[in-house]
Amino acid sequence: TDSPEAIANFIQFYFAQAEMEMAENLATGLFSDGTTNSKEIDGLEGAVDDTTVLATYAGLARSANTFLNSVVDSSTTTLTWAALQSVFGRAAEGGRHITIIASRQEQYNRYLALTELGQRFPVQAGGHDEQLASAGFTNALFNNVPWVVDSHVFDGPNTSNSAILGLNEDYIYWAVSPRADFYLEDFQTPVNQDAMVA
């Protein structure tokens, strides 16, 4: 694959494919419940819960430690401004509130449709977060909080649509063991093969 006659560098293709697959697996884990597949990380479906998915989290019973319970609206069947505002307000505590909203595309589209219904002129939703936009994340704002799309967001109570996650990033931490983080070692050639591994 490294000769002048090579049409493509298959090693580069394989690495690119492996990186994309690893990113996909990590994203799936980030939104998982952490119990369906015991090899996945503790994802948001288990962390952002009201005891519907997990009765305990981090070894604590949610019934005895109600501060672990999230605000979940399982009764709203049609997305409305009033429903969004109600959950947004119920999720605020001590001057702290949601800092980012995530859903799959269909819920994002419903939100955009709500913003356009209230406008007298046919324009797009009123604003976006510049930092997220410059990083390549299309987003709209709800109460000045960016709303982003991720295809990995789990189903909501109505399983035909995704959940709409309102998260406060001040309380979400990405913990990685320094002994088990991703890294690439130098390539080595096995003694019995015309190949390289890393």
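Remember, it's a predicted structure, so these values are computed and weren't measured experimentally. As a basis for the values below, the full set of heavy atoms in this structure was taken, side chains included, without hydrogen atoms, waters or symmetry mates.
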Inset, instruction - Would you indicate whether the side-chain heavy atoms of Ile164 and Trp147 approach each other to under 4.5 Å? - result: yes

Inset, instruction - Quick one: pull up CG in Asn69 and OG1 in Thr52 and give me the separation to the nearest 0.5 Å. - result: 9.0 Å

Legend entry - Student check: side-chain heavy atoms of Pro146 and Ile101 closer than 4.5 Å: no

Which pairs would a plain distance check flag for residues 165-176, meaning a side-chain donor or acceptor within less than 3.5 Å of a matching protein atom at least two apart in sequence or in another chain?
unit_1	atom_1	unit_2	atom_2	d
Asn168	OD1	Asp170	N	2.9
Asn168	ND2	His97	O	3.1
Glu169	OE1	Thr99	OG1	2.8
Asp170	OD2	Arg96	NH1	3.0
Tyr171	OH	Arg96	NE	3.0
Tyr173	OH	Asp170	O	3.1

Inset, instruction - Could you tell me whether a side-chain N or O of Asp33 sits under 3.5 Å from a main-chain N or O of Thr36, the two making a donor and an acceptor? - result: yes

Legend entry - Minimum heavy-atom distance between Thr76 and Asp73, given as atom pair plus value: OG1-OD2, 2.5 Å

Legend entry - Non-hydrogen atoms of Leu112 and Ala140 that approach each other most closely: CD2-CB, 3.9 Å

Inset, instruction - Quick one: pull up CG in Leu60 and OG1 in Thr66 and give me the separation to the nearest 0.5 Å. - result: 11.5 Å

Could you list the donor-acceptor pairs under 3.5 angstrom formed between side-chain atoms of residues 84-92 and any protein atom two or more places apart in sequence or on another chain?
unit_1	atom_1	unit_2	atom_2	d
Gln85	OE1	Asn143	ND2	3.0

Legend entry - Close side-chain approach of Val71 to Asp50, heavy-atom, < 4.5 Å: no

Inset, instruction - Following the transitive rule for hydrophobic clusters with a side-chain heavy-atom cut-off under 4.5 Å over Ile, Leu, Val, Met, Phe, Trp and Tyr, establish whether Val148 and Val48 coincide in one cluster. - result: yes

Inset, instruction - List the atom of Ser162, the atom of Glu106, and the distance in Å for their closest heavy-atom pair. - result: N-OE2, 2.6 Å

Inset, instruction - Look up atom OG in Ser32 and atom CG in Asp42, then write down how far apart they are to the nearest 0.5 Å. - result: 7.5 Å

Inset, instruction - Following the transitive rule for hydrophobic clusters with a side-chain heavy-atom cut-off under 4.5 Å over Ile, Leu, Val, Met, Phe, Trp and Tyr, establish whether Val72 and Leu44 coincide in one cluster. - result: no

Inset, instruction - Hey, can you tell me if Tyr111 and Trp81 have their rings parallel, tilted or perpendicular (30° and 60° cut-offs)? - result: perpendicular

Inset, instruction - State, to 0.1 Å, how close Thr51 and Arg62 come at their nearest heavy-atom pair, and which atoms those are. - result: CG2-CB, 3.4 Å

Inset, instruction - Measure the spacing between CG of Leu79 and CG of Leu114 and express it to the nearest 0.5 Å. - result: 5.0 Å

Inset, instruction - Answer with yes or no whether the hydrophobic clustering places Leu68 together with Ile98; edges join I, L, V, M, F, W, Y residues whose side-chain heavy atoms lie under 4.5 Å apart. - result: no

Inset, instruction - Assess whether atom CG of Asp194 is packed by more than 12 heavy atoms of other residues, nucleotides or ligands within 6.0 Å. - result: no

Legend entry - Minimum heavy-atom distance between Ile100 and Val145, given as atom pair plus value: N-CG1, 3.5 Å

Inset, instruction - State, without any angle test, whether Arg104 and Gln107 hold a side-chain donor-acceptor pair at a distance under 3.5 Å. - result: no

Legend entry - Approximate separation, where rounding is to 0.5 Å, of Glu21 CD and Tyr14 OH: 13.0 Å

Inset, instruction - Specify the closest pair of heavy atoms between Ala47 and Ser70, including all atoms of both residues, with the distance to one decimal. - result: O-OG, 4.2 Å

Inset, instruction - Kindly indicate whether the side chain of Asp150, heavy atoms from C-beta on, has any atom under 4.5 Å from the side chain of Phe31. - result: yes

Inset, instruction - Enter the distance from Arg110:CZ to Thr80:OG1 here, rounded to the nearest 0.5 Å. - result: 12.5 Å

